[in-house]
Amino acid sequence: MSREYVLNSFRPPVNLQIDYAAELNEQQYAAVTAAPGPALVIAGAGSGKTRTLTYRVAFLLEQGIPADRILLLTFTNKASKEMMRRVNDLLGSELSSLWGGTFHSVGHRILRRNAEKIGYRKDFSIMDAEDAKDLIGTVLGESNIDVKETRFPKADNLGSMFSMAVNTRKSIGETLSQFYDHFSHLAPLIAGLQVKYQERKRAANMMDYDDLLVLWLKLLQEHEDVRTHYQRQFQFILVDEYQDTNLIQGEIIDALAGPHKNVMAVGDDSQSIYSWRGANFRNILDFPKRYPGANVYKIETNYRSTPEILQLANAAIKANTEQFEKQLEPSRKSGIKPVLAVCGDASEQARFVAQRALELREEGTNLSDMCVLYRSHFHVMELQMELTQRNIPYSITSGIRFFEQAHIKDVACWLRLVANPQDELAFKRLVLFLPGVGGKAAEKLWRNFQANYQALLPGDKLPLATALQQTSKDVPKKGAVEWAQFTATVSQIETEPIREQPSNMIRVVLQAGYEDYLKREYANYKQRLEEVEQFATFALQFENTTDFLSQLSLLTNVEAESAKANDDDEDRLKLSTIHQAKGLEFDVVFLIMLCDGLFPSSRSLDRPEAEEEERRLFYVAVTRAKNELYLSYPLIRMAQGYGESMQQPSRFLNELPKELRDEWTLRSYSSYY
């Protein structure tokens, strides 16, 4: 009689250097010591995600897994280096053989070794954004497309379209329809240019940034020997910020996991807020479906915020139907309740934030430990004015400062030229937009325009437009039509009473062609258009153009000084969009402009999945606060064509139980002497 005799695997006991049970909480320990196989770690805000990943790497190494058999994928080189440093500190040894880095850096490393298999030489070049723009421009220039007649998008705008298409795995037609619908009618032409761009890259032995992912995936899918090699090498794959991966990155991980499926994906579905740049929320949500039998670990102990802030955060995300349910649990002692400040208007909201920030500084909290968060750049215009007037130092961490953005400066130049016809910089900035006008031509036009303008004074009622008309003979033929439009627009905005209505002047500039310019020039045209429209609304509060421009000049000069001093030790209040603040934390957070249509944005309200992402953004903002959280909205805002308009509080505020917050109604006092 025969029977099966099972041989159990044997290994000597592992002598661990680290007492993992003592170093980690119970939920972290369960994830760090998980058995091989697919695992999804839902790491709530402030729960020690980096610590968990770091100890997981250390645990695998202590189990005898060779360092070169571990792949750690992150979204920034900084995150990768920080985790590697922490593992080195834990184990007291260098880990130069461990594969750790961003998706793009690891893809580059693998493509260098296998370039010939996908039709490249190993010495291929990697183009930066400027290189890609130049090559697309070359392809566009060689085409038979009349870019002027069709109002065709510029090269860098086309680059954004190509990038979005490849990262979302969509056709150009689908991409335009979803993200750039104002160019949908040009889909066949743009798709043809994309093909030619790909051909030119390959012929020149060049890759752009997206190719490091696209061609890496192609290599794995089309070459079994390469795929098998890396499946055997990477026995354990760890992915940080998995909720931010796009479709290509998700497929790369799936291809590498192969038969062993030893993938540990770490992230927080409630902090998935980057769909607008190609991140695919379904990657993390559907992980258990993609990896049947996957263990899901939840890490819910929060080390950042007070219990009161966490109670509000848990309530804030509750309405989302597409999520892994979790309950952030506090580890800190009780603090004060979050505050909802109901303000009369945007200016009063600005006064509230400024005054409360100064009070908190007097109580011992540095300005640099406070942050004002907002959904969109234009939400902070009134606050910037208030902080400037009060001489409260601040820094803006949300990219380029609002009033220094190119499209805002462009529009302001029209007003500057009408207010001061001798503003050489404003004149030249505007004429350089015209076809055929370069630096030398702009200088010649400026000299002749000034001569013509001075000759018309003081009698001509519309001296600017008349002087521009007289200068038209000096304009290059390519720009003749645009110069005529330029003259007509100036004629409109220098006419009474519009010339003393800065808001209406901005509206005229938009309608006279600047909106078309935004469409051609920028991939995020809709966002920029909204910002210019809100800039016009902001201008409603000023009695005349001179006052508006004076205040604008003060703001931009203070911002410029602030930017130069950002690296110094001065204590500064931080201002940031929520997207820019993800991953950061502050003692005090002010979350402003919580009006329906502003946050959540009006563009998100027609799609349930978009509204849920806005709610996740709200959750991210709330969970940045450690000690104190102030929520605010104005009851009234200025609206173009309507004057003062009543505002509805954000639906996200209405979803919060009232017992979780204190409500402050502001009252203004006047001083009498």
Side-chain angles (χ1 to χ4, degrees), residues 148 151 403-518 520-521 532 535-536 539-540 542-554 556-557:
K148 183 177 176 182
R151 295 184 175 179
F403 296 106
E404 284 296 307
Q405 295 178 106
H407 50 297
I408 301 299
K409 293 181 72 173
D410 290 346
V411 170
C413 279
W414 290 88
L415 279 66
R416 286 170 49 188
L417 185 61
V418 169
N420 175 18
Q422 293 180 304
D423 190 329
E424 180 179 354
L425 296 179
F427 177 90
K428 288 183 175 177
R429 185 182 183 100
L430 295 176
V431 301
L432 284 170
F433 285 134
L434 306 180
V437 176
K440 290 183 178 179
E443 177 62 32
K444 181 180 179 182
L445 288 168
W446 167 249
R447 290 198 307 269
N448 293 342
F449 163 72
Q450 279 296 294
N452 291 329
Y453 174 75
Q454 295 297 332
L456 291 167
L457 298 179
D460 199 293
K461 291 184 179 180
L462 299 175
L464 274 177
T466 305
L468 288 173
Q469 199 170 24
Q470 292 176 354
T471 310
S472 62
K473 63 181 182 297
D474 301 308
V475 177
K477 289 183 179 179
K478 286 183 180 179
V481 173
E482 286 79 1
W483 185 269
Q485 178 61 60
F486 177 37
T487 301
T489 304
V490 168
S491 176
Q492 282 182 275
I493 62 176
E494 75 166 330
T495 302
E496 297 288 355
I498 291 179
R499 67 176 297 131
E500 293 303 332
Q501 299 169 348
S503 181
N504 283 334
M505 292 174 77
I506 293 170
R507 295 280 171 183
V508 169
V509 169
L510 266 179
Q511 294 164 7
Y514 192 72
E515 181 175 351
D516 291 334
Y517 170 79
L518 290 175
R520 294 194 308 272
E521 196 72 18
V532 174
F535 187 47
L540 283 170
F542 296 91
E543 292 186 2
N544 55 60
T545 304
T546 300
D547 287 351
F548 175 63
L549 290 174
S550 296
Q551 188 62 52
L552 195 61
S553 176
L554 177 62
T556 52
N557 282 325

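Owing to the predicted nature of the structure, the values given are computational and were not obtained by experimental measurement.
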Student: For Thr487, is there any backbone N or O sitting under 3.5 Å from a side-chain donor or acceptor partner on Ser491?
Tutor: no
Student: Does any non-hydrogen side-chain atom of Gln492 lie less than 4.5 Å from one of Val509?
Tutor: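 They are not in side-chain contact.
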Student: On a heavy-atom basis, which atom in Cys413 and which in Arg429 lie closest, and how many Å separate them?
Tutor: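 Taking Cys413 first and Arg429 second, the nearest heavy atoms are SG-CD, 3.3 Å.
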Student: Before giving the answer on side-chain hydrogen bond (donor to acceptor under 3.5 Å, both in side chains), spell out for Thr471 and Asn452 the whole-Å C-alpha distance, their side-chain angles and the decisive distance to 0.1 Å.
Tutor: CA-CA 7 Å; Thr471 310; Asn452 291 329; 3.0 Å; yes
Student: Start with the C-alpha distance between Phe427 and Leu432, add both sets of side-chain angles, then the distance that settles side chain to side chain contact (heavy atoms under 4.5 Å, CB included), and finish with yes or no.
Tutor: CA-CA 9 Å; Phe427 177 90; Leu432 284 170; over 6 Å; no
Student: Between Thr466 and Gln470, does the side-chain hydrogen bond (donor to acceptor under 3.5 Å, both in side chains) criterion hold? Intermediate values first, please.
Tutor: CA-CA 6 Å; Thr466 305; Gln470 292 176 354; over 6 Å; no
Student: Closest approach of Gly436 and Ala441, non-hydrogen atoms and distance?
Tutor: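 That closest heavy-atom pairing would be O-CB, 4.5 Å.
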Student: For the residue pair Leu518 and His407, what are the closest heavy atoms and their distance?
Tutor: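 Heavy atoms of Leu518 and His407 come nearest at CD2-CB, 3.9 Å.
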Student: Going by the rule salt bridge (charged side-chain N to carboxylate O under 4.0 Å, His left out), which residues pair with Glu424 if we only count those two or more places apart in sequence or in a different chain?
Tutor: Lys428
Student: Asp410 vs Tyr517, test: side chain to side chain contact (heavy atoms under 4.5 Å, CB included). Steps then yes/no.
Tutor: CA-CA 11 Å; Asp410 290 346; Tyr517 170 79; 4.1 Å; yes
Student: Locate the shortest heavy-atom distance separating Ala426 from Leu417; write the atom from each residue and the value.
Tutor: CB-N, 4.3 Å
Student: Is there a donor-acceptor pair closer than 3.5 Å between any side-chain N or O of Thr545 and the backbone N or O of Arg499?
Tutor: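 Checking the backbone N and O of Arg499 against the side chain of Thr545, a donor-acceptor pair under 3.5 Å is found.
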Student: Over all heavy atoms of both residues, which pair between Glu482 and Leu434 is shortest? Give the atoms and the distance, please.
Tutor: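 Taking every non-hydrogen atom into account, CB-CD2, 3.5 Å.
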Student: Do Leu445 and Trp483 have side chains that get closer than 4.5 Å, going by heavy atoms?
Tutor: yes
Student: Just wondering, are more than 12 heavy atoms of other shown residues or ligands nearer than 6.0 Å to CD in Gln469?
Tutor: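 At most 12 heavy atoms, drawn from other residues, nucleotides or ligands, come within 6.0 Å of this atom.
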Student: How about NZ on Lys440, more than 12 heavy atoms from neighbouring residues, nucleotides or ligands closer than 6.0 Å, or not?
Tutor: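 Count not over threshold, so no.
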Student: Grab the two heavy atoms, one from Val418 and one from Leu464, that are nearest each other, plus how far apart they are.
Tutor: CA-CD1, 3.6 Å
Student: Is it the case that the side chain of Gln450 and the backbone of Pro421 share a donor-acceptor pair, with hydrogens and angles ignored and the cut-off at 3.5 Å?
Tutor: yes
Student: Anything under 30° is parallel, anything over 60° is perpendicular, the rest tilted; go ahead and classify Trp414 against Phe486.
Tutor: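 Perpendicular: the ring planes of Trp414 and Phe486 meet at over 60°.
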Student: Does atom CD of Glu543 have more than 12 heavy-atom neighbours, drawn from other residues, nucleotides or ligands, at distances under 6.0 Å?
Tutor: no
